[in-house]
Enquirer: 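Here's a structure for you.
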There are 2 protein chains.
Amino acid sequence: MIRLLADPLRARIVELLAEGAACTCHLVEDTGATQPNVSNHLRALRQAGVVVPEPRGRYTFYRLRPEVLDGAARHLAALAERARASGDVRREC
Amino acid sequence: MIRLLADPLRARIVELLAEGAACTCHLVEDTGATQPNVSNHLRALRQAGVVVPEPRGRYTFYRLRPEVLDGAARHLAALAERARASGDVRREC
DNA sequence: GGATCACATCATGGTCGGCTGATATCAGCA
DNA sequence: TGCTGATATCAGCCGACCATGATGTGATCC
């Protein structure tokens with residue numbers, strides 16, 4: 001999941017989808033990237049379960065799955081929590 | 001920040017540091033990676049402000065900065081929140 | 001049914017980034 | 001001061017991944 005957000009274009013797509021479902025043409029227009037490029041990234045996000053496609057006629061709308069984002073967010077928060085808890089621990093050599 | 005966690009070895013290093021400060025030799029031993037490799041990743045994390053070095057004699061201990069992790073976690077949580085809020089929005093073509 | 005549009009897929013090329021080996025630096029110790 | 005060990009830095013290689021162009025597929029409209 002985090003690896004997917006590492007790519008700038010993919011991160012941009014996720015941000016756009018956070019404002020609501022959108023079809024590929026929207027994302028192509030908003031990002032300025034080429035259509036196959038966007039489509040490839042959407043495939044990666046789809047295979048990872050980050051987005052779900054909703055075919056509507058000849059348009060395909062994509063919707064973000066908040067649970068996945070929440071999972072990643074909780075993971076990072078847990079890491080921060082553990083780091084705080086072990087604030088003054090220092091392993092010996 | 002998220003881009004840094006995209007690398008498996010760097011993610012492992014961050015996880016290890018979440019359990020407490022450790023010197024480079026610890027990280028080298030625990031990850032099984034070579035010393036220059038670990039050192040390079042530590043530099044990247046240091047330049048991004050994710051970790052802070054604490055020189056102790058000839059050892060250099062590294063400590064995680066939880067605020068940075070929390071910032072990333074909050075960013076993802078906010079994204080998930082926005083996605084939930086705009087649950088049934090669908091942009092028109 | 002043919003044309004067109006939205007989208008997906010594939011193959012290719014170019015580039016960025018991680019890994020390695022060698023070397024430099026610095027602290028502690030005999 | 002000379003040596004050893006811990007760490008940092010650098011140059012180069014190589015693999016993975018993103019972007020592009022061409023093409024395929026399915027749906028809509030005439």
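Numbers restart at 1 for each chain; the letters A, B, ... are given by sequence-line order, proteins then strands. The model shown is predicted, which means the values in this text are computed figures rather than measured ones.
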Enquirer: Please list, chain by chain and in numerical order, all residues satisfying side chain to side chain contact (heavy atoms under 4.5 Å, CB included) with B:Asn37, sequence neighbours excluded.
Expert: B:Leu9, B:Ala33, B:Thr34, B:His41
Enquirer: On DNA chain C, which is the earliest and which the latest nucleotide, 5' to 3', with an atom closer than 4.0 Å to a heavy atom of chain A?
Expert: C:dC5 to C:dC10
Enquirer: Tell me every residue that passes side chain to side chain donor-acceptor pair (under 3.5 Å) with A:Glu54, counting only those two or more places apart in sequence or in another chain.
Expert: A:Arg63, B:Arg90
Enquirer: Which part of the nucleic acid, if any, lies within contact of B:Phe61, taking any heavy atom under 4.0 Å across all strands shown: a base, the sugar-phosphate backbone alone, or nothing?
Expert: nothing
Enquirer: Do A:Asp30 and B:Arg91 come close enough that some side-chain heavy atom pair is under 4.5 Å?
Expert: yes
Enquirer: Within residues 20-27 of chain B, which residues have any heavy atom lying less than 4.0 Å from an atom of DNA chain D?
Expert: B:Cys23, B:Thr24, B:Cys25
Enquirer: Given side chains that start at C-beta, do those of B:Leu79 and A:Glu15 come closer than 4.5 Å, heavy atoms only?
Expert: yes
Enquirer: I need a per-nucleotide contact map over nucleotides 20-30 of chain D, read 5' to 3'. Cutoff is protein heavy atoms under 4.0 Å; write B for the base, S for backbone only, - otherwise.
Expert: BBB----SS--
Enquirer: Report which part of the nucleic acid B:Thr60 touches: base, sugar-phosphate, or nothing (heavy-atom distance under 4.0 Å, all strands).
Expert: sugar-phosphate
Enquirer: Do A:Val51 and A:Arg65 have side-chain heavy atoms sitting under 4.5 Å apart?
Expert: no
Enquirer: State, with a plain yes or no, whether a side-chain heavy atom of A:Ile2 is found less than 4.5 Å away from one of A:Leu76.
Expert: yes
Enquirer: Answer whether the closest heavy-atom distance between the side chains of A:Gln35 and A:Cys25 falls below 4.5 Å.
Expert: no
Enquirer: Report the residue from A:Val50, A:Thr60, A:Leu27 that forms a side-chain contact (heavy atoms from CB on, under 4.5 Å) with A:Leu42.
Expert: A:Leu27
Enquirer: Please write out which residues are connected to B:Tyr59 in a hydrophobic cluster, directly or through intermediates, given that two of Ile, Leu, Val, Met, Phe, Trp, Tyr count as joined at side-chain heavy-atom separations below 4.5 angstrom.
Expert: B:Phe61
Enquirer: Any non-hydrogen side-chain atom of A:Leu5 less than 4.5 Å from a side-chain atom of A:Arg10?
Expert: no
Enquirer: Between B:Arg46 and A:Arg3, who's closer to the 5' end of DNA chain D by nearest nucleotide?
Expert: B:Arg46
